[in-house]
Amino acid sequence: MGKYQNIKGDIGERAVLELLIQNGAVLLSKNYRVQGGEIDLIVAHDDKIRFVEVKTRKSKNLDLGLESVDKRKQKLIIRTADIFCSEHVIDLQPSFDVALVCMDKDCVQDITYLENAFGLSSGN
């Protein structure tokens, strides 16, 4: 990933985190990494632990953001979430969410937040 892509991704992640916190979420981890997997944001919100994959795209490429969270990526996220939960005492229902961030230049234009975008059965 190029330097501009990293910056764009960071801007998108910050925007989504800000939105979640404004709605009452509590950040548990950002860019949680284990061998073979990463989760952009992990938050506690309501009665759920939300594992959030953030995809930042130009407005015309927004559909590609959702398509890039394919079955293989879902399986990696679920595996990584399982490791996170094994390392922490978690008494919340998991939710695997996808946030699609639409940007124009360096400005966030829109955030589409998809709760329960995929589930545990997706990881099979």
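Only a predicted model underlies this, so the values are computations on that prediction, with no experimental measurement involved.
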Specify the closest pair of heavy atoms between [X] and [Y], including all atoms of both residues, with the distance to one decimal.
| X | Y | result |
| --- | --- | --- |
| Ala117 | Val98 | CB-CG2, 3.6 Å |
| Gly36 | Leu76 | O-CD2, 3.2 Å |
| Arg50 | Ser95 | NH1-OG, 3.1 Å |
| Asp40 | Glu38 | OD1-OE2, 3.7 Å |
| Thr56 | Gly12 | OG1-CA, 3.5 Å |

query: Would you call Lys48 and Glu115 a salt bridge, using N to O less than 4.0 angstrom?
result: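 The answer is no: the pair does not qualify as a salt bridge.
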query: After noting the C-alpha distance and the side-chain angles of Leu20 and His45, does the key distance pass the side chain to side chain contact (heavy atoms under 4.5 Å, CB included) rule?
result: CA-CA 8 Å; Leu20 289 167; His45 187 236; 5.6 Å; no
Look up atom [atom1] in [X] and atom [atom2] in [Y], then write down how far apart they are to the nearest 0.5 Å.
| X | Y | atom1 | atom2 | result |
| --- | --- | --- | --- | --- |
| Thr112 | Leu114 | OG1 | CG | 6.5 Å |
| Glu18 | Ile111 | CD | CD1 | 8.0 Å |
| Tyr113 | Asp97 | OH | CG | 3.5 Å |
| Ile49 | His88 | CD1 | NE2 | 8.5 Å |
| Glu53 | Leu100 | CD | CG | 10.0 Å |

Do [X] and [Y] come within less than 4.5 Å of each other through their side chains, counting heavy atoms only?
| X | Y | answer |
| --- | --- | --- |
| Arg57 | Met103 | no |
| Leu41 | Ile39 | no |
| Val101 | Lys55 | no |
| Pro94 | Phe96 | yes |
| Phe51 | Thr80 | no |
| Ile77 | Phe118 | yes |
| Arg79 | Val34 | yes |
| Asp82 | Ile78 | no |

task: Could you tell me whether the side chains of Asp47 and Gln93 share a donor-acceptor contact shorter than 3.5 Å?
output: no
message: Looking at Asp70 and Lys73, would you say the former's side chain and the latter's main chain have a donor-acceptor pair under 3.5 Å?
response: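 Indeed, once roles are kept as given, a pair shorter than 3.5 Å links the two residues.
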task: From the options Leu28, Val52, Asn31, Ile90, select the one residue that forms a side-chain contact (heavy atoms from CB on, under 4.5 Å) with Ile42.
output: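 It is Leu28; the other options fail the test.
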